[in-house]
Amino acid sequence: MLPFPIKPFNKKDCLALSPKYKEIIFLYYYIDFSVEEISVILKISANTVKTRLTRGRERLKKLLEEEGYEWEDI
């Protein structure tokens, strides 16, 4: 589950992300891996995972805004 409340959206929105953000979003939110587990799997630092997770969320939010989805700021 993403950290911001949104209306249901099409999976294509996640697929539109670049692979480096898509894989982090998928592993974290859909498979429920921790940041540390993802860092081991992808052989990157935990800080890189956190950065990509933040940037991936921002890009996904922007994609959804462009499609007219709305939510309250948290």
Side-chain angles (χ1 to χ4, degrees):
M1 189 175 278
L2 293 172
F4 44 86
I6 58 173
K7 299 175 190 174
F9 62 93
N10 195 322
K11 289 180 183 177
K12 74 176 179 67
D13 296 312
C14 283
L15 296 175
L17 294 171
S18 69
K20 69 180 181 180
Y21 300 121
K22 181 175 19 184
E23 66 187 356
I24 299 287
I25 296 286
F26 180 77
L27 291 171
Y28 189 80
Y29 289 107
Y30 293 96
I31 306 297
D32 284 331
F33 284 142
S34 69
V35 168
E36 292 76 23
E37 291 169 322
I38 295 169
S39 73
V40 170
I41 292 167
L42 298 179
K43 299 178 182 168
I44 58 178
S45 74
N47 284 335
T48 300
V49 172
K50 291 175 190 176
T51 299
R52 289 183 185 178
L53 192 54
T54 299
R55 290 179 183 168
R57 284 187 207 120
E58 291 168 356
R59 282 169 174 73
L60 181 57
K61 186 175 178 181
K62 184 176 179 181
L63 284 170
L64 294 171
E65 285 174 341
E66 290 171 0
E67 291 189 13
Y69 290 95
E70 299 174 4
W71 51 81
E72 294 180 18
D73 290 333
I74 295 176

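Note that these values count all heavy atoms, side chains included, but never hydrogens, waters or copies made by symmetry.
In this structure, Val40 has no side chain to side chain contact (heavy atoms under 4.5 Å, CB included) partners at least two apart in sequence or on a different chain. Residues forming a side chain to side chain contact (heavy atoms under 4.5 Å, CB included) with Glu36 (at least two apart in sequence, or on another chain): Ser34. Take Ser45 and apply the side chain to side chain donor-acceptor pair (under 3.5 Å) test, not counting sequence neighbours, and it matches Thr48. In this structure Leu42 satisfies the side chain to side chain contact (heavy atoms under 4.5 Å, CB included) test together with Glu23, Ile24, Leu27, Ile38, Ile44, sequence neighbours excluded. With sequence neighbours excluded, the residues that form a side chain to side chain contact (heavy atoms under 4.5 Å, CB included) with Arg59 are Leu17, Tyr21, Arg55.
Rounded to the nearest 0.5 angstrom, Arg57 CZ and Lys61 NZ are separated by 11.5 Å.
A donor-acceptor pair shorter than 3.5 Å cannot be found between the side chains of Tyr28 and Arg52.
For Ser39 against Ala46, the heavy-atom pair with the smallest separation is CB-N, 3.7 Å.
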